[in-house]
Amino acid sequence: MFIQTESTPNPATLKFLPGQTVLEAGTADFPSAEGAGKSPLAQRIFGVPGVTGVFFGNDFVTVTKDDSTEWDHMKPAILGAIMEHYQSGAPIMTGEADTASGHAEHDGEDAEIVGQIKELLDTRVRPAVAQDGGDITFHGFDKGVVYLHMQGACAGCPSSTITLKMGIENLLRHYIPEVTEVRPVGL
């Protein structure tokens, strides 16, 4: 098994590509070791000292580290943990995996606008941020303001504010005049 790594715009996050499917559908975000109970792979990666977050996409694993640990010291252990997991035959997720779109539900008078927002996120934004090892999902829409949840490499990335304001906000405002602003939301 050969696992490739790619840097991301977030220097605290590295993207690992195992050359195999990680999740069949959707994404899974583990911003702390306490939430990794549903994933034997995430638990194994959190066993590496310095790991502070794990995120799964379709064909990648994104790992976030603390500021005091260097990638040169962690990377071999993370590669080993991923390789051991795949060789063990254990599942990536146990129990019911949340394979929904990741977007929050939204009903009411703005339902049509929200549908357009989600469509643009799914077709234009999410594929691009997946390349960087992250994901962005719809969280809410209120009085022209779109609230988005950033995950994986996007969470805590120094360039995420610029991506939100210059990229996503401009895109949504261009196609949907009702959108006036885009803001991140922390969960």
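- The shortest distance between side-chain heavy atoms of Thr5 and Leu79 falls below 4.5 Å.
- Two residues are said to be in side-chain contact when any heavy atoms from C-beta on lie closer than 4.5 Å; Leu17 and Glu6 meet this criterion.
- Atom CD1 in Ile113 sits 12.0 Å away from atom CG in Leu172 (nearest 0.5 Å).
- Side chains of Leu23 and Thr21 form no contact here, defined as non-hydrogen atoms less than 4.5 Å apart.
- Annotation: Met83, atom CE; neighbour count of heavy atoms from other residues, nucleotides and ligands within 6.0 Å is above 12.
- Minimum heavy-atom separation, Phe30 to Phe46: O-CZ, 3.4 Å.
- When all heavy atoms of Thr94 and Gly37 are compared, the pair lying nearest together is OG1-O, 4.1 Å.
- Using the six-membered ring where Trp is involved, His149 and His139 have ring planes that are tilted, between 30° and 60° apart.
- Looking at heavy atoms from C-beta onward, Thr62 lies out of side-chain contact with Val54 at the 4.5 angstrom threshold.
- Not a single donor-acceptor pair under 3.5 Å links the side chain of Asp132 to the backbone N or O of Gly134.
- You'll find the side chain of Tyr147 stays beyond 4.5 Å of the side chain of Phe138, heavy atoms only.
- The backbone N or O of Gly144 sits less than 3.5 Å from a side-chain atom of Thr180, completing a donor-acceptor pair.
- The backbone N or O of Gln131 sits less than 3.5 Å from a side-chain atom of Lys15, completing a donor-acceptor pair.
- Distance check: Phe141 CZ to Ile117 CD1 gives 5.0 Å after rounding to the nearest 0.5 Å.
- One distance of note links NE2 of His85 with OG of Ser39; it measures 6.5 Å at 0.5 Å rounding.
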